[in-house]
Amino acid sequence: QVQLVESGGGLVQPGGSLRLSCAASGSIFGIYIMGWYRQAPGKQRESVATITSGGSTYYADSVKGRFTISRDNAKNTVYLQMNTLKPEDTAVYYCTFNFNSWGQGTQVTVSS
């Protein structure tokens with residue numbers, strides 16, 4: 001079992017930045033993947049960015065060039081730096097560990 005605790009969401013104006021954090025604890029070993037998904041009202045949950053324990057990354061086309069995912073293996077923590085935020089980035093952001101453990105979600109609202 002892996003537990004995930006997210007932080008860093010909030011309200012920001014268009015063009016602003018936020019940094020999300022997700023700390024994992026529990027049975028963590030071997031090769032694994034962590035990442036971020038998001039779900040906007042009335043829409044399906046979608047992948048935003050992922051990173052493997054080896055450092056390979058994936059980004060959704062909608063966030064490429066604006067978001068950066070990184071990790072601190074010593075702290076079992078993954079980060080999502082979000083720059084040049086747009087209103088369409090508004091959603092609840094969820095952290096995942098190996099796609100079978102999920103955080104509680106953190107709200108990101110981009111509005112003027």
Review item, side-chain donor-acceptor pairs of residues 35-44, under 3.5 Å, at least two apart:
{"from": "R38", "atom 1": "NE", "to": "E46", "atom 2": "OE2", "distance (Å)": "2.7"}
{"from": "R38", "atom 1": "NH1", "to": "D89", "atom 2": "OD1", "distance (Å)": "3.0"}
{"from": "R38", "atom 1": "NH1", "to": "Y93", "atom 2": "OH", "distance (Å)": "2.9"}
{"from": "R38", "atom 1": "NH2", "to": "E46", "atom 2": "OE2", "distance (Å)": "3.2"}
{"from": "R38", "atom 1": "NH2", "to": "S62", "atom 2": "OG", "distance (Å)": "3.4"}
{"from": "Q39", "atom 1": "NE2", "to": "K43", "atom 2": "O", "distance (Å)": "3.1"}

Would you indicate whether the side-chain heavy atoms of I69 and Y79 approach each other to under 4.5 Å?
-> no
What closest approach, in Å, do L4 and G103 show between heavy atoms, and which atom pair accounts for it?
-> CD1-N, 3.7 Å
Distance in Å, S111 OG paired with Q13 CD, rounded so as to fall on 0.5 Å steps | 8.5 Å
Taking side chain as C-beta onward, heavy atoms only, is T52 less than 4.5 Å from Y58?
-> no
Closest non-hydrogen contact found for N73 with S53 is ND2-O, 3.6 Å
Ignoring hydrogens and geometry, is there a side-chain-to-backbone donor-acceptor pair from T77 to A23 under 3.5 Å?
-> no
Would you please say whether a donor-acceptor pair under 3.5 Å links the side chains of N83 and S17?
-> yes
Closest non-hydrogen contact found for N76 with M34 is O-CE, 4.4 Å
Locate the shortest heavy-atom distance separating L20 from M82; write the atom from each residue and the value.
-> CG-CE, 3.7 Å
Without swapping roles, check the side chain of E6 against the backbone of C95 for a donor-acceptor pair under 3.5 Å.
-> yes
Are the side chain of T90 and the backbone N or O of V110 linked by a donor-acceptor pair below 3.5 Å?
-> yes
When rounded to the nearest 0.5 Å, the distance separating CD1 of I51 from OG of S56 is 8.0 Å
Side-chain contact, heavy-atom cut-off 4.5 Å: L80 with T68?
-> no
Atom pair NZ (K75) and OG (S25), whose distance is rounded to the nearest 0.5 Å = 15.0 Å
Would you check if P14 and P87 make a side-chain contact, meaning some heavy-atom pair closer than 4.5 Å?
-> yes
Min side-chain heavy-atom separation T50-Y59 under 4.5 Å = no
Compare all side-chain heavy atoms of L18 with those of L85 and state whether any distance is below 4.5 angstrom.
-> yes
Under a 4.5 Å cut-off applied to non-hydrogen side-chain atoms, are Y94 and V92 in contact?
-> yes
Between N98 and N100, is there a donor-acceptor pair closer than 3.5 Å when you use the side chain of the first and the backbone of the second?
-> no
